[in-house]
Amino acid sequence: MNSKSIFVMIIILSVTGWLTNLSAWGAWTVVRDDDFARNDSIEGDLQAAYFVDAHHGWAVGFKGLILHTADGGETWVNQAIEMEVPIDFWSVFFLNEKVGVVVGTGGSIFMTKDGGNLWERKNVEGINRTRLIDMWLIDEQSGFVVGTDNTLLKTTDGGENWTGDSDRVRLGETRNHLESIYFVSTTHGWIVGSFGTIKHTVDGGSTWENQTSNVGNNLMAVHFINEDTGWIAGQEGLILHTQDGGATWNQQETDSYDNLHDVGFIDNQTGWAVGDYGAILHTTDGGLTWTPEKSGVSSSSLRALHAADKDSCWAFGEWGWILRRLPPGE
């Protein structure tokens, strides 16, 4: 075999190996294009998403945007709330196909009991200027909302009324924001936020204790798969991992400098994180190694992630982008 034939054979083997790897790990494809390409008058950056099962999910964002899917994300229907001054929504959570809550700017909380056809604004005491960023419903009666200026709200009457505390911060003073909340059971939950803040409860939110992160980065998202094992994603490519319920947190190497806005795992080995400039990181070894995956939307920030299993993974972001990670072979 001459040198030219050897070179051609190397190229063929390299391309074959690349295609085999792509088929094995799947690839990301656009399900919903950006606002400019669609030009359908439905606009708004997507900030959060939540699925109650493999078929029913919601995504929310700016300008009062609420999208709903009943077919596993193949199609999305607009459920935006009509208002004179649109509210930017930052989080969504559903207990089942009917009962859900969205939160956003101006201390706004809206609730639906019919799957999103009708939304009603709920009573929130004393935090009209606060941006509510994330939330979690523990059961049909109890739930929590977190937000800017250390805002932590609770409901005990099924979301009809919300009470809690928020810092009064003067202009120029340092502001601490609570960015993400996650409960892995009815008793064990975590909150993360600015400057490495981590809070933990073992009694369903009756009390919260601080955990030590050993970092000063802003922490943006937290996800646990059981009461011991969890991950936190944050500023400048930061990912923290615990195997003892947060008693100790260890930093995992990502080789990324992009801010990471969400993280999700389907088991103790397989997970993803998404962030600025279309960043998507993937791990199959519990975060010992994180590999970049191409999203195709490098000009936009990906703000939310939903990963139900290895064949059902979604990313949501600025300009209304929705991406799906194709199962192997598709």
Side-chain angles (χ1 to χ4, degrees), residues 28-83 85-105 108-122 132-137 139-140 143 145 158-160 180-182 221 261-262 264 274 297 300-309 311-326:
W28 291 87
T29 186
V30 174
V31 173
R32 184 177 189 261
D33 220 326
D34 65 55
D35 292 344
F36 303 103
R38 290 193 325 275
N39 194 28
D40 58 4
S41 300
I42 303 174
E43 298 180 354
D45 296 346
L46 293 174
Q47 296 292 321
Y50 193 86
F51 281 67
V52 295
D53 55 37
H55 302 288
H56 296 84
W58 288 261
V60 301
F62 291 174
K63 302 181 181 179
L65 183 60
I66 302 176
L67 300 177
H68 172 52
T69 181
D71 58 9
E74 296 298 329
T75 58
W76 295 84
V77 177
N78 186 21
Q79 291 184 334
I81 302 173
E82 293 185 9
M83 2 180 181
V85 180
I87 291 170
D88 291 341
F89 291 126
W90 284 80
S91 185
V92 56
F93 191 101
F94 270 73
L95 276 174
N96 50 52
E97 293 179 20
K98 300 297 183 182
V99 180
V101 179
V102 296
V103 302
T105 52
S108 302
I109 299 179
F110 288 81
M111 188 171 185
T112 182
K113 296 182 180 180
D114 63 2
N117 295 309
L118 176 66
W119 294 89
E120 296 182 354
R121 191 163 190 163
K122 297 305 176 181
L132 304 179
I133 302 175
D134 199 15
M135 67 164 306
W136 195 275
L137 299 177
D139 53 38
E140 294 182 358
V145 171
E160 293 297 325
S180 180
I181 182 169
Y182 192 96
H261 298 289
D262 205 0
V274 298
V297 293
S300 297
S301 173
L302 296 177
R303 308 286 303 193
L305 172 74
H306 166 73
D309 54 50
D311 296 333
S312 181
C313 191
W314 304 83
F316 307 79
E318 291 178 324
W319 309 113
W321 286 107
I322 299 179
L323 309 178
R324 180 193 176 198
R325 192 173 189 270
L326 293 176

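Counting begins at 1 with the first residue of the sequence.
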Heavy-atom check, side chain of [X] versus side chain of [Y], under 4.5 Å:
X    : Y    : value
L46  : L65  : yes
V92  : V101 : no
F316 : L302 : no

Check whether any side-chain N or O of [X] sits under 3.5 Å from a backbone N or O of [Y] as a donor-acceptor pair, and report yes or no.
X    : Y    : result
N78  : L67  : no
H56  : F51  : no
T69  : W76  : no
Q79  : G115 : yes
R32  : G320 : yes
T112 : L118 : yes
D33  : A37  : no
E318 : D45  : no

request  = May I ask you to say whether E120 pairs ionically with K113, meaning some side-chain N is under 4.0 Å from a carboxylate O?
outcome  =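 Between K113 and E120 there is no salt bridge, as every charged N stays at least 4.0 Å from the carboxylate O atoms.
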key: Pair E160 + K122, salt bridge at N-O below 4.0 Å   =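 K122 and E160: salt-bridged.
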Over all heavy atoms of both residues, which pair between [X] and [Y] is shortest? Give the atoms and the distance, please.
X    : Y    : value
S300 : W321 : OG-NE1, 3.2 Å
L305 : D262 : N-OD2, 2.8 Å
I42  : D35  : O-OD1, 3.6 Å
L95  : V52  : C-CG1, 4.4 Å
A307 : C313 : CB-SG, 3.9 Å
W90  : D88  : CD1-O, 3.4 Å

query = So, D134 versus S91: side-chain donor-acceptor pair below 3.5 Å or not?
reply =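 Checked: D134/S91 side chains pair up, N/O donor to acceptor below 3.5 Å.
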inquiry  = side chain to side chain contact (heavy atoms under 4.5 Å, CB included) for V145 and I109? Distances and angles first, verdict last.
reply    = CA-CA 9 Å; V145 171; I109 299 179; 4.2 Å; yes
ask   = Relative to each other, are the rings of W119 and F94 parallel, tilted or perpendicular (30° and 60° limits)?
value =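 Rings of W119 and F94: perpendicular, over 60°.
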task = Please work out which of the three classes, parallel, tilted or perpendicular, describes the rings of F36 and W319, given edges at 30° and 60°.
result =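 Judged by the thresholds at 30° and 60°, the geometry between W319 and F36 is tilted.
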task = Give a yes or no on whether the ring-centroid distance for F93 and W58 is below 6.0 angstrom.
result =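 Aromatic pair excluded; centres sit 6.0 Å or further apart.
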Rounded at 0.5 Å granularity, tell me how far [atom1] in [X] sits from [atom2] in [Y].
X    : Y    : atom1 : atom2 : result
H68  : E97  : NE2   : CD    : 8.0 Å
I322 : D34  : CD1   : CG    : 12.0 Å
M83  : S108 : CE    : OG    : 7.5 Å

inquiry  = Assess the residue pair Y182 and W136 against the criterion (ring pair (Phe, Tyr, Trp, His ring centres under 6.0 Å)); give the C-alpha distance rounded to whole Å, side-chain angles, the decisive distance to 0.1 Å, and a yes or no.
reply    = CA-CA 7 Å; Y182 192 96; W136 195 275; 4.6 Å; yes
task = Please determine which of V103, L132, I81 meets the side chain to side chain contact (heavy atoms under 4.5 Å, CB included) test together with F89.
result =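 The passing option is I81.
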CD (E74) with more than 12 external heavy atoms under 6.0 Å =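 More than 12 within 6.0 Å, yes.
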